[in-house]
Amino acid sequence: MLVARDLRKDYPMNGETVHALRGASLTVEPGEYVALVGPSGSGKSTLLQIVGGIDTPTAGTVEILGTRLETLSDRELTRLRLTRLGFVFQRFHLLPVLTARENVELPMAEAGVKGADRRARARRLLDYVGLGHREGHRATQLSGGEMQRVAIARALANRPAVLLADEPTGELDAATGQEILDLFRRLNTDGTTLLVVTHDERLAAQAGRTVHMLDGRIVSEAAAP
Amino acid sequence: MISALCLTLALVQATEPPHPSTGIAIERAVAEQLDLGVGDTVRLGAAPESLPHLAVVSAIYEPRPDPAEVSRRSLRVRLHLPDLAAVLGAPDRVDRFGVGLLPGVTPDSAAAVLNRSAFGFRAHPSATIASESSQTFKVVSRFHRAIAVITIVASAVFLLCIMLLKVEERRLDAAVMRFVGVRRRTIFGALVLEAALIAVLGSALGAGLAFLAGAATNAYYREFFDTELIFSLITPRIVLFSVCLSLLLGVAAGALAAWRLVRTRPMALWGRA
């Protein structure tokens, strides 16, 4: 489903070249739940951004569902992100002027889903993440945990092949973070493929496979017992 | 018949009965200031120290509002032409008088005929006189136009700066939208639409403020000059022009700011080039 081969990413910073990735390779199979862990600056988020098609590698290739990302135009890559990938960010990044339902509807509207269909699906997704009763509330009226659950519903809007999450519990307290962990586990049980960057040991512990990174390299992988 | 002549005369209230044939018309301001009414008797003369003539107030009139005379402080009465000549002691001397035309006669042709045949005076169409006396207002109007142009240019620059700042605030939102697969075109369209809405709302607010300021200006100067003149006039055409101009400037500023945003790579918007 997702294959990253020998990814390298260099970028200049203060006149020097930073090697964010130094030949990282990763494969994620359908239905897997993979946690990407490692210290700050180890290249986890960079790897996630590159496999998600929002950044480009200096070298190496990424293949999603058989499509090589480097062969795609900007428009095709945008379309792939819209329809095949779902993103969850540490700071939620909902549009504050929109309601919870409208935020979930946004990717569907962009994909051309008709109004009634997308409203119905947005409601189903909000029910799924436990926020059906908050669909009319603006993002600014929601708590951190609620915003993250809306963000997850938004990421699932177009039935993505893989859900990519970057520190999804990083901004949440322990109890609220646990709700997100439970939601991720339920998502995976229901068939969603997950690749999650995290510092949260609880999240890493519940993943089916944990990939450890250090200095831009994947140093070890461990499957859940 | 009361002549159209208007002269400033020395005028005081009198107690003696008037000459039966001397009737005058006074303007409302005169009536108010001197506390005169129809039927009152006044003394008339060409100078304050010489008031030999008696007259009775037979009418009080409201002069037609005239911008050229709005600041005039003198008071006016109207007399029959023979009475005026008698008061002045110069029966064959007038400064100017108006000539009414029959329907179908053009002022230009009438003036041309009079100027060919008359001696000692010159006839002018009233439109020409109005135009001559309006030169000051034309200059004022040009001055207002210049202020308007400067205001529009300054507002356009201000609007552009506001839009650029607003769009800068949206860098992260735009990055996230790009990440989740929203096209540049959609983001561009949304920002331009937002700018257009802000422009229309702003122009509606501006028009509302203009109406209020105009009403206050009119109320103050009408009271100050005791006139029915309109000092500030906001027509539907002006409002339409303002809204259209605002919309145009808003859309242009929004489009420029949005274009700057969407042509930036999402990762640069995200904070990492």
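All chains are named by letter (A, B, ...) in the order of the sequence lines, taking the proteins before the strands, and each is independently numbered beginning at 1. All of these numbers come straight from a predicted model, not from anything done at the bench.
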### Task
Without swapping roles, check the side chain of A:R81 against the backbone of B:V180 for a donor-acceptor pair under 3.5 Å.
no
### Query
CH2/B:W270 to CG/A:D55 distance, rounded to the nearest 0.5 angstrom?
12.0 Å
### Task
Assess whether atom CZ of A:R91 is packed by more than 12 heavy atoms of other residues, nucleotides or ligands within 6.0 Å.
no
### Query
Crowded around B:F158 CZ? As in, over 12 foreign heavy atoms under 6.0 Å?
no
### Query
Considering only heavy atoms from C-beta outward, does the side chain of B:M267 approach that of A:Y11 to under 4.5 Å?
no
### Message
Measuring from atom CZ of B:F179 to atom CD of A:Q49, what distance do you get when rounded to the nearest 0.5 angstrom?
### Response
6.5 Å
### Summary
Value for CG (A:D74) from CZ (B:R184), rounded to nearest 0.5 Å, stands at 4.0 Å
### Message
Give the interface residues of residues 214-253 of chain B toward chain A, defined by a heavy-atom separation under 4.5 Å.
### Response
none
### Message
Which atoms of A:L95 are under 4.5 Å from chain B, going by heavy atoms: the side chain, the backbone, both sets, or neither?
### Response
side chain
### Summary
Those residues of residues 136-147 of chain A that come under 4.5 Å of chain B on a heavy-atom basis, listed by number, are none
### Message
Rounded at 0.5 Å granularity, tell me how far CE in B:M177 sits from OG1 in A:T78.
### Response
12.0 Å
### Query
What parts of residues 150-171 of chain A touch chain B if we use heavy atoms and a cut-off under 4.5 Å?
A:R154
### Query
CZ of B:R260: more than 12 outside heavy atoms within 6.0 angstrom?
no
### Query
Taking only heavy atoms into account, what residues of residues 168-175 of chain B are found under 4.5 Å from chain A?
B:L172, B:D173
### Query
Side chains of B:R183 and A:E110: closer than 4.5 Å at any heavy-atom pair?
yes
### Message
Quick check on A:R75: does its CZ atom have over 12 non-hydrogen neighbours (other residues, nucleotides or ligands) under 6.0 Å away?
### Response
no
